[in-house]
Amino acid sequence: MALIKVPTRGRVALADSDMPAGAVLQVVTAELTTRVSMATESFQNTGLIGYITPSSASSKILITISFGRIQTAQTNGDHGCAVRLLRNGNDSDLNGVADGSRQRSLFTTGGESYNANHSKGGYGVTGIDSPNTTSQITYNVQAWPQTSSQPIIINGTSNNSNGADTYNSRTKAFITLMEIAG
């Protein structure tokens, strides 16, 4: 690792190329604050989307995704959902590997833990993506319910009660993108 001598006065401008491998070059974050209900039996956009433009094709993107709540409306924990992360419309490196006709997913979850007020969560995933580009990247989080009769609920409860009980609380979902020098 090369040392950079910094004068005691004035400013030093460093290019991203001057940074050692592993240095954080930029951090971008986005959040989903609304309650979302999704019932289509295919992968659909959740509304959680992040954008980043790497400064070098050798950079890696450290991605953290977190959901305070995401589950289906089934009250016995059954009828789950799958969540995936797309990079510019294609599978990212964070999704599972291709295996026959199985879907590639970031993670899966089940239905509510007890009733329409109670939910599981939160969920968080962190991983490295290697996009090999200096063009803008769109990272899009999608979800797919097992059945349309048990929709996916994000950031709230199935019955959407307006009560002061803790189980009625609202949550947020986040995506954080960190460019790491290659």
Side-chain angles (χ1 to χ4, degrees), residues 26-53 61-98 101-129 131 136-179:
Q26 63 174 312
V27 178
V28 180
T29 190
E31 59 185 40
L32 175 65
T33 60
T34 58
R35 178 185 175 274
V36 176
S37 177
M38 305 166 56
T40 303
E41 287 184 42
S42 63
F43 277 113
Q44 301 292 310
N45 295 338
T46 62
L48 185 57
I49 301 172
Y51 305 92
I52 192 167
T53 304
I61 308 298
L62 177 64
I63 303 170
T64 300
I65 299 169
S66 63
F67 286 90
R69 289 181 170 189
I70 182 170
Q71 80 282 321
T72 63
Q74 178 70 328
T75 58
N76 66 1
D78 196 6
H79 293 99
C81 66
V83 177
R84 73 178 179 185
L85 178 65
L86 298 183
R87 177 200 330 123
N88 293 336
N90 299 301
D91 279 301
S92 72
D93 295 342
L94 276 69
N95 294 333
V97 297
S101 61
R102 295 169 183 88
Q103 296 293 325
R104 294 182 63 192
S105 297
L106 184 63
F107 69 90
T108 62
T109 181
E112 298 162 346
S113 61
Y114 177 67
N115 62 29
N117 284 326
H118 296 85
S119 61
K120 299 174 183 177
Y123 295 91
V125 176
T126 300
I128 296 282
D129 190 47
Q136 180 177 316
I137 303 167
T138 301
Y139 286 104
N140 189 359
V141 180
Q142 295 187 324
W144 177 345
Q146 180 178 336
T147 176
S148 60
S149 63
Q150 301 299 333
I152 296 169
I153 309 298
I154 301 171
N155 292 337
T157 59
S158 298
N159 66 6
N160 202 24
S161 293
N162 189 21
D165 298 306
T166 59
Y167 49 77
N168 288 319
S169 63
R170 284 285 195 251
T171 62
K172 291 182 182 180
F174 298 92
I175 183 168
T176 301
L177 310 170
M178 299 173 65
E179 182 184 359

Looking at every heavy atom in both T46 and V36, which two are closest together, and how far apart are they? O-CG2, 3.9 Å

Got a sec, which residues hit side chain to side chain donor-acceptor pair (under 3.5 Å) with S101, two or more places apart in sequence or on another chain? none

Sequence neighbours excluded, the answer for side chain to side chain donor-acceptor pair (under 3.5 Å) partners of D129 is R87, Y139

Where is the tightest heavy-atom contact between G50 and A30, given as atom of each residue plus distance? CA-CB, 4.4 Å

Non-hydrogen atoms of S37 and I153 that approach each other most closely: OG-CD1, 3.6 Å

What residues, two or more places apart in sequence or in another chain, satisfy side chain to side chain donor-acceptor pair (under 3.5 Å) together with S105? none

Holding to side-chain contact (heavy atoms from CB on, under 4.5 Å), I want the full list of residues that pass it with S169, two or more places apart in sequence or in another chain. R69

Is any side-chain heavy atom of I152 closer than 4.5 Å to one of I70? yes

L86 vs D91, side-chain contact (heavy atoms from CB on, under 4.5 Å): CA-CA, chis, key distance, verdict: CA-CA 5 Å; L86 298 183; D91 279 301; 4.2 Å; yes

To the closest 0.5 Å, what do you measure between CD1 (I137) and CD1 (I61)? 5.0 Å

Quick one: side-chain contact (heavy atoms from CB on, under 4.5 Å) partners of T33, sequence neighbours excluded? E31, K172

Excluding sequence neighbours, so at least two apart, what forms side chain to side chain donor-acceptor pair (under 3.5 Å) with R170? N160

Closest non-hydrogen atoms of I154 and L32, given as atom of the first, atom of the second and distance, are CG2-CD2, 4.1 Å

T40 side chain to S42 main-chain N or O, any donor-acceptor pair under 3.5 Å? no

Please check: side-chain N/O of Q26 versus main-chain N/O of I52, any donor-acceptor pairing under 3.5 Å? no

Please identify each residue that fulfils side-chain contact (heavy atoms from CB on, under 4.5 Å) with I49, with sequence neighbours left out. Y51, T138, N140

Partners of R35 by salt bridge (Lys or Arg N to Asp or Glu O under 4.0 Å), sequence neighbours excluded? none

Report yes if the side chains of N155 and T34 come closer than 4.5 Å at any heavy-atom pair, otherwise no. no

Quick one: list whatever passes ring pair (Phe, Tyr, Trp, His ring centres under 6.0 Å) with F107, sequence neighbours left out. Y123

Kindly compute the distance separating CG (L177) from CD1 (I175), expressed to the nearest 0.5 Å. 4.5 Å

Between T72 and Q146, is a side-chain contact (heavy atoms from CB on, under 4.5 Å) present by the stated rule, with each step listed? CA-CA 8 Å; T72 63; Q146 180 178 336; 5.8 Å; no

What's the verdict on side-chain contact (heavy atoms from CB on, under 4.5 Å) for D93 and I128, showing C-alpha distance, side-chain angles and the deciding distance? CA-CA 7 Å; D93 295 342; I128 296 282; over 6 Å; no

Using side-chain contact (heavy atoms from CB on, under 4.5 Å) as the criterion, list what pairs up with T147, not counting sequence neighbours. E41, H79, S149, Q150

Check R104 against F43 and note the closest heavy-atom contact, atom names and distance. O-CZ, 4.5 Å

Rounded distance [0.5 Å steps], CD1 in I63 versus OG1 in T126: 9.5 Å

Taking all non-hydrogen atoms of both residues, which atom of V141 and which atom of L85 are closest, and how far apart? CG2-CD1, 3.9 Å

